[in-house]
Amino acid sequence: CILLDLSVYLSNRKVDERSQALYAAYLHFCDLSNHTEILRQCSVPPPLLARLNADQAQLYSAFEALRVIRDYRTPSTIRGFVQMSLVLTGLFMAPYWAYIQSKDPDKRWTVYF
């Protein structure tokens with residue numbers, strides 16, 4: 001089943017099992033395309049075939065987007081550092097911003113620019 005192979009690929013940590021599931025998923029995509037061609041030879045109306053091709057393309061592109069996220073997502077340590085630095089920047093920069101504001105109290109928005 002294509003959904004099972006996609007699920008195994010997206011959720012498994014072992015590289016060997018992921019590559020096998022990826023190969024099986026691509027074989028399933030190939031089978032879907034071949035079945036569409038068989039339907040074309042059986043004289044199925046072209047609008048139905050166009051819809052099948054569009055659905056296959058959408059399924060394939062959605063899987064590729066998930067694959068990119070799975071393979072190249074940002075490591076959790078970098079994400080944690082960025083989140084922490086966003087919070088701590090305000091805490092560490094607040095005295096400096098107050099100092100800038102105290103030097104020129106007439107210009108209220110100097111800190112923001």
**OP:** Could you walk me through whether Arg70 and Arg18 pass the side chain to side chain contact (heavy atoms under 4.5 Å, CB included) test, one step at a time?
**Re:** CA-CA 11 Å; Arg70 166 68 174 99; Arg18 265 197 353 241; 2.9 Å; yes
**OP:** Decide side chain to side chain contact (heavy atoms under 4.5 Å, CB included) for Tyr60 and Asp55; before the verdict, give the C-alpha distance in whole Å, the side-chain angles of both, and the deciding distance to 0.1 Å.
**Re:** CA-CA 9 Å; Tyr60 186 73; Asp55 288 343; over 6 Å; no
Subject >> Working for side chain to side chain contact (heavy atoms under 4.5 Å, CB included), residues Leu4 and Tyr9 >> reply: CA-CA 9 Å; Leu4 180 63; Tyr9 176 78; over 6 Å; no
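Both Phe92 and Phe81 are members of a single hydrophobic cluster when ILVMFWY side chains are connected at heavy-atom separations under 4.5 Å. Under the 4.5 Å side-chain heavy-atom criterion for Ile, Leu, Val, Met, Phe, Trp and Tyr, Leu3 and Leu66 are members of the same hydrophobic cluster. Residues Met84 and Leu91 are members of one and the same hydrophobic cluster, defined by side-chain heavy-atom contacts under 4.5 angstrom among Ile, Leu, Val, Met, Phe, Trp and Tyr. The cluster map of Ile, Leu, Val, Met, Phe, Trp and Tyr, joined by side-chain heavy atoms under 4.5 Å apart, puts Leu10 and Ile69 in different clusters.
Around the CD atom of Glu37, the shell of radius 6.0 Å holds more than 12 heavy atoms that belong to other residues, nucleotides or ligands. Around the CZ atom of Arg51, the shell of radius 6.0 Å holds no more than 12 heavy atoms that belong to other residues, nucleotides or ligands.
In this structure, CG on Leu22 lies 13.5 Å from CD on Glu17, to the nearest 0.5 angstrom. Summarising the geometry, atom OG belonging to Ser43 is positioned 9.5 Å from atom CG belonging to Leu49; distances are rounded to the nearest 0.5 Å.
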Output side-chain donor-acceptor pairs under 3.5 Å for residues 24-32, partner residues at least two apart or in another chain, one line each.
{"unit_1": "Tyr26", "atom_1": "OH", "unit_2": "Glu64", "atom_2": "OE2", "d": "2.6"}
{"unit_1": "Tyr26", "atom_1": "OH", "unit_2": "Arg67", "atom_2": "NH1", "d": "3.0"}
{"unit_1": "His28", "atom_1": "NE2", "unit_2": "Asp5", "atom_2": "OD2", "d": "2.8"}

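Two residues are said to be in side-chain contact when any heavy atoms from C-beta on lie closer than 4.5 Å; Arg40 and Asn53 meet this criterion.
The side chain to side chain donor-acceptor pair (under 3.5 Å) check on Gln83 picks up nothing, with sequence neighbours excluded.
With hydrogens and angles left out, the side-chain atoms of Thr36 and Gln56 include a donor and acceptor closer than 3.5 Å.
In this structure a side-chain-to-backbone donor-acceptor pair under 3.5 Å is present from Ser61 to Ala57.
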